[in-house]
**Student:** 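Take this structure, written in structure tokens, and hold onto it; I'll ask about it next.
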Amino acid sequence: MKPILIVFLFLASVVASSAQTRLTLPQTLGRVKAHNPDLQWLEENVDVATAAVTDARIRPNPILNIQLLHVANRRFFPENTQWYQGANTQYWYQVTKPFQVAGQRKSKIDLANNQVVQSRLDYDEQVRQVLFDAGQVWIDAWAAARKSVILTRGLANVDSLVRINEYRLRDQVITQTDYARAQLLRQQYQRDMALNRQIWIAAIHRLQLLTGISDSLQIDLQEEEFEESIPGVDSLLAEALMERADIRAQRNMIRGAQLNEKLQTAFAFPQPELGGMWNPQNRVPYWGLYGTIEIPLFNRNQGQRERAKVLKVQADEQLWAARQHAQTEVAVAVSKLATFQAHMTNYQNTLREADDIARSVRYAYLKGATSIVDLLEAQRSWLDTQMRYHETIEAYRRSYLEVLFVSGKINQLPR
């Protein structure tokens, strides 16, 4: 049974590892872009806007008007006739059609097409926002995984110290207080690991929702995407003003405001209704032409025309504001990234010094040359240095992601 059990456990581990999906940041964003449930229904807004183009292309339907008149008094009937006979009736058959003038139909089609472009740009902006949120969640999971590695390493050192102190306490080399201090430190590590595991589980669940992955997934800790260099502020700002979906949407809104102003001006002209009629009266046939048009004495679409002008001014102001926001966001993000990058370089020597100090104090403690207070202080200092370096890397990666977001390059990252 033992060999069979070993084979079974091996196969189970293979199946479990194959079921897991290990994702880098670009792969995560690619899955989000393709399978995120919110983006899937938001994308259908483009189809809704496309349907408006179909409405704009439809021409007005012809209008059929049928009237029937009878002689109301019998004393006016011709001899030997009834009320329903042709000598006592008049029929009116009229077919007319409204006509769109002053380029009204073309203006409606152009405005509807502009709204389709606007819906696509709005969707791209939603994608940019969702990708940024997903990237933050990916970094949450990555940070929890890296923190788990640090805590595991620290707990292993403390566990070995506790085991050694058990023998030293038995031999009365140390006091009960010294032994209790080591145990308290181990319990602290265990609590930190339990809390960190909950953070990791929550991040993984959120990633599963964002990516549409139902099976378990893992984070690729050997991520190299963050090692790429970032261009300068001027280059990123120029790219942001060209590539960011929200700014492109604002430019398109200006075009839409111009088209709307043209359409509302065209609606100031009344729509004529023209057609023909067939009118048999008491067995005498008549035919003729029919035409009607509204006389624009009072209503010349003044309100909508004024509104269109205000919307055009508003669109210009919104584009200016969006450009100012982009300029500020790019400058701040690049500055933060440079700061954390410098901190990461400075921490390299600090990490080596903390490792050396922890080993030296541990060796001295085992030789009886120092107290457990110094050892525990060195261990806490080592953990604090590791955590601060880890937090600096995490802040650097969040700043890197923010630079991609504010420049609009994040939409190019999914793979």
Side-chain angles (χ1 to χ4, degrees), residues 41 44-120 122 253 255-312 314-315:
W41 70 263
E44 295 176 359
N45 288 337
V46 179
D47 297 331
V48 174
T50 304
V53 179
T54 303
D55 282 339
R57 292 180 180 276
I58 297 175
R59 299 179 184 275
N61 288 323
I63 301 172
L64 175 62
N65 180 15
I66 301 177
Q67 299 180 28
L68 174 62
L69 298 176
H70 291 274
V71 177
N73 196 323
R74 294 184 60 88
R75 63 192 180 92
F76 295 107
F77 287 5
E79 293 183 3
N80 301 320
T81 62
Q82 299 296 325
W83 66 271
Y84 56 83
Q85 291 179 328
N88 299 314
T89 59
Q90 294 184 17
Y91 296 92
W92 179 288
Y93 301 97
Q94 175 184 303
V95 177
T96 59
K97 182 182 182 302
F99 288 88
Q100 300 179 92
V101 297
Q104 293 171 351
R105 179 173 180 270
K106 182 179 183 304
S107 296
K108 287 195 296 184
I109 294 173
D110 291 342
L111 183 59
N113 284 324
N114 178 268
Q115 292 302 313
V116 173
V117 175
Q118 187 69 34
S119 64
R120 290 197 182 102
D122 290 342
M253 286 180 64
R255 173 61 178 164
Q258 294 170 345
L259 292 173
N260 183 53
E261 185 178 17
K262 183 179 179 181
L263 176 62
Q264 300 307 325
T265 301
F267 278 152
F269 294 86
Q271 292 185 357
E273 185 178 335
L274 304 175
M277 67 185 73
W278 175 252
N279 180 211
Q281 298 182 19
N282 309 110
R283 296 178 179 173
V284 179
Y286 294 87
W287 68 270
L289 300 176
Y290 179 90
T292 181
I293 187 170
E294 181 183 357
I295 300 176
L297 292 180
F298 307 108
N299 182 4
R300 294 187 298 276
N301 204 34
Q302 298 95 320
Q304 291 300 323
R305 288 158 59 189
E306 292 176 4
R307 179 175 179 271
K309 291 179 181 179
V310 174
L311 289 176
K312 183 177 179 299
Q314 187 181 54

**Student:** Which heavy atom in V101 sits nearest to a heavy atom in P272, and how many Å separate them?
**Tutor:** CG1-CD, 3.7 Å
**Student:** Where do N114 and R255 come nearest, in terms of heavy atoms and distance?
**Tutor:** ND2-CG, 3.5 Å
**Student:** Please list, chain by chain and in numerical order, all residues satisfying side chain to side chain donor-acceptor pair (under 3.5 Å) with Q271, sequence neighbours excluded.
**Tutor:** Q104
**Student:** Yes or no on side-chain contact (heavy atoms from CB on, under 4.5 Å) for M253 and Q314, after CA distance, side-chain angles and deciding distance?
**Tutor:** CA-CA 10 Å; M253 286 180 64; Q314 187 181 54; over 6 Å; no
**Student:** Can you name the side-chain contact (heavy atoms from CB on, under 4.5 Å) partners of L297, sequence neighbours left out?
**Tutor:** I295
**Student:** For Q100, check side chain to side chain donor-acceptor pair (under 3.5 Å) against everything at least two apart and list the hits.
**Tutor:** K108
**Student:** Which residues pass the salt bridge (Lys or Arg N to Asp or Glu O under 4.0 Å) test with D110, sequence neighbours left out?
**Tutor:** K106
**Student:** Taking N282 for its side chain and A87 for its backbone only, find out whether a donor-acceptor pair lies under 3.5 Å.
**Tutor:** yes
**Student:** Just to verify, what does W92 make a side chain to side chain donor-acceptor pair (under 3.5 Å) with, not counting sequence neighbours?
**Tutor:** Q94
**Student:** Without swapping roles, check the side chain of N279 against the backbone of Y91 for a donor-acceptor pair under 3.5 Å.
**Tutor:** yes
**Student:** Among all residues two or more places apart in sequence or in another chain, which pass the side chain to side chain donor-acceptor pair (under 3.5 Å) test with N113?
**Tutor:** none
**Student:** Rounded to the nearest 0.5 Å, how far does OH of Y286 lie from CE of M277?
**Tutor:** 13.5 Å
**Student:** Taking the side chain as every heavy atom from C-beta outward, state whether V310 and R307 have any pair of such atoms under 4.5 Å apart.
**Tutor:** no
**Student:** Using the ring pair (Phe, Tyr, Trp, His ring centres under 6.0 Å) criterion, which residues pair with W278? Sequence neighbours excluded.
**Tutor:** none
**Student:** Under the rule for side-chain contact (heavy atoms from CB on, under 4.5 Å), what residues qualify as partners of V117, not counting sequence neighbours?
**Tutor:** L121, N252
**Student:** Scan the side chains in residues 51-78 for donor-acceptor partners under 3.5 Å anywhere in the protein, sequence neighbours excluded, and list what turns up.
**Tutor:**
residue, atom, partner, partner atom, Å
H70, ND1, W83, O, 3.0
N73, OD1, R75, N, 3.1

**Student:** If we only count heavy atoms from C-beta on, is the V48 to E44 side-chain gap below 4.5 Å?
**Tutor:** no
**Student:** Anything under 3.5 Å between a donor and an acceptor, one on a side chain of residues 261-269, the other on a protein residue two or more places apart or in another chain? List them.
**Tutor:**
residue, atom, partner, partner atom, Å
Q264, OE1, N301, ND2, 3.0
Q264, NE2, N260, OD1, 3.2
T265, OG1, E261, O, 2.9

